[in-house]
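Numbers restart at 1 for each chain; the letters A, B, ... are given by sequence-line order, proteins then strands.
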2 protein chains.
Amino acid sequence: MAIKSEASDEPEILNLENFLPYRLYRLADAVSREFSRIYKDSHGLTRPEWRTLSGLGQHGTMTASAIGEQSAMHKTKVSRAVAELERRRWLTRTPDENDRRVEHLALTKAGLAAYREMVPLAKAFERELLAKLSVSEREAIANGLAALQAALGKG
Amino acid sequence: MAIKSEASDEPEILNLENFLPYRLYRLADAVSREFSRIYKDSHGLTRPEWRTLSGLGQHGTMTASAIGEQSAMHKTKVSRAVAELERRRWLTRTPDENDRRVEHLALTKAGLAAYREMVPLAKAFERELLAKLSVSEREAIANGLAALQAALGKG
DNA sequence: TTTCGATGGTTACAAATGAAACCAGTTTGG
DNA sequence: CCAAACTGGTTTCATTTGTAACCATCGAAA
């Protein structure tokens with residue numbers, strides 16, 4: 001089934017429900033809202049904080065800009081998330097030897113513990129969501145998202 | 001062995017880039033941000049305002065709650081969007097005969113004109129985005145999104 | 001009727017966000 | 001060298017958002 005939204009009869013009407021940007025956003029919003037319970041309800045984290053934690057848990061040590069690139073967040077979001085995680089003593093900053101503008105961020109024991117606690121929940125969430133789809137549907141969403149991602153990347 | 005590679009097999013590490021909620025959100029965000037230029041740059045509309053306009057343009061007359069349902073927005077967002085569109089004189093409210101809590105909303109000439117001006121741009125945006133995909137990729141994204149939507153709907 | 005719970009919609013307030021200005025340190029080109 | 005441009009990161013301010021409380025009206029039930 002192709003996306004035929006706009007091929008509809010009335011040329012000057014936009015069918016919002018079938019409009020790709022809207023569908024995508026609505027879906028992402030719903031999924032994200034559901035998922036946020038894992039980090040919000042249990043630890044009161046915001047999404048930027050969760051992503052920062054997740055980036056550091058995954059990579060060990062990163063600079064703020066690296067976190068921004070990996071998780072597609074503006075540097076102000078990263079800055080605020082890092083500040084909050086530091087306040088919780090979930091991460092520490094280490095100044096760079098050569099470039100004094102740069103700080104290397106890493107999780108503390110407590111931060112790592114929280115990360116390790118949430119990872120299985122996150123994986124379970126994704127697994128359960130995907131379990132509602134058939135094999136071919138899972139393939140479809142994976143391929144579709146990858147293709148769109150690639151299309152956007154190329155401008 | 002590489003230090004921290006594609007370790008999606010490592011059970012206690014979450015690979016953010018491949019995590020469905022994140023991929024979905026990032027994609028939706030990018031697409032939505034691009035698309036927002038059509039209503040933001042030209043008329044200074046917010047997303048809720050655009051959606052409200054779009055709903056009314058599509059359906060002619062709606063109540064605020066109907067708009068909320070159709071476009072998946074909380075009633076406060078709808079309320080504020082409606083207030084702003086009214087301030088611009090892009091829509092008018094008509095009290096319901098039988099239920100004095102309800103107002104029927106409809107676009108004015110000016111509102112309709114703005115809507116009609118933006119619809120072709122929106123359609124072009126979607127068309128150009130989809131044009132970057134192959135036929136099978138378009139099918140994949142359509143099927144994948146529909147499947148996910150259905151899966152969420154069923155709880 | 002009177003009362004109580006739902007419903008349509010608005011408002012108040014706190015928190016999250018985005019844009020731009022900003023600070024410090026670093027690189028580059030003349 | 002040194003000014004200008006750039007980069008990593010923070011802060012400020014206005015706008016947007018989410019939550020909850022709220023107001024008015026309606027419907028049902030006692």
- Please name all residues satisfying side-chain contact (heavy atoms from CB on, under 4.5 Å) with A:H74, sequence neighbours left out, ordered by chain then number. A:T76

- Leading and trailing nucleotides of DNA chain D with any atom under 4.0 Å from heavy atoms of chain B: D:dT16 to D:dC26

Please write out the pairs of protein N or O atoms and N or O atoms of nucleotides 20-23 of chain C separated by less than 3.5 Å, giving the distance to one decimal.
none

Atom pairs and distances, side-chain donor-acceptor, residues 20-30 of chain B, under 3.5 Å, sequence neighbours left out:
residue : atom : partner : partner atom : Å
B:Y22   : OH   : A:Q70   : O            : 2.9
B:Y22   : OH   : B:R26   : NE           : 3.3
B:Y22   : OH   : B:R26   : NH2          : 3.0
B:R23   : NE   : A:Q149  : OE1          : 3.4
B:Y25   : OH   : A:R47   : NH2          : 2.8
B:D29   : OD2  : B:R33   : NH2          : 2.9

- Message: Taking B:R89's backbone N and O only, do any of them form a donor-acceptor pair with B:T108's side chain (distance below 3.5 Å, no angle check)?
- Response: yes

- A:L16 backbone acceptor or donor facing B:Q58 side chain under 3.5 Å: yes

- Counting only non-hydrogen atoms, which of residues 83-105 of chain A are less than 4.0 Å from DNA chain D? A:R93, A:R101, A:V102, A:E103

- With sequence neighbours excluded, residues passing ring pair (Phe, Tyr, Trp, His ring centres under 6.0 Å) with B:W50: B:F35, B:Y39

- Note on the structure: Base-paired stretches in DNA chain C with three or more consecutive Watson-Crick or G-U pairs, both distances under 3.5 Å, amount to C:1-30 with D:1-30

- Transitively linked via ILVMFWY side-chain contacts under 4.5 Å: A:M73 with A:V102? no

- Which pairs pass salt bridge (charged side-chain N to carboxylate O under 4.0 Å, His left out) with one or both residues in residues 55-80 of chain A, sequence neighbours excluded? none

- Message: If you assign A:R33 and A:S79 each to the DNA chain D nucleotide with the nearest heavy atom, which residue ends up on the more 5' nucleotide?
- Response: A:S79

- With sequence neighbours excluded, tell me which residues meet ring pair (Phe, Tyr, Trp, His ring centres under 6.0 Å) with B:H59. none

- Task: Return each pair, listed once, that meets ring-ring contact (aromatic ring centres under 6.0 Å, His included) where at least one residue sits in residues 131-151 of chain A; pairs must be two or more places apart or across chains.
- Result: none

- Query: Which value, rounded to the nearest 0.5 Å, describes the distance between B:L14 atom CG and B:F19 atom CZ?
  - Reply: 5.5 Å

- For the pair B:R138 (side chain) and B:L130 (backbone), establish whether a donor and an acceptor sit closer than 3.5 Å, ignoring hydrogens and angles. yes

- Contact check, residues 35-69 of chain B vs DNA chain D, heavy-atom distance under 4.0 Å, returns B:T46, B:P48

- Pairwise salt bridge (charged side-chain N to carboxylate O under 4.0 Å, His left out) hits with a residue in residues 91-106 of chain A, at least two apart: A:E86-A:R93, A:R93-A:E103, A:D99-A:R101

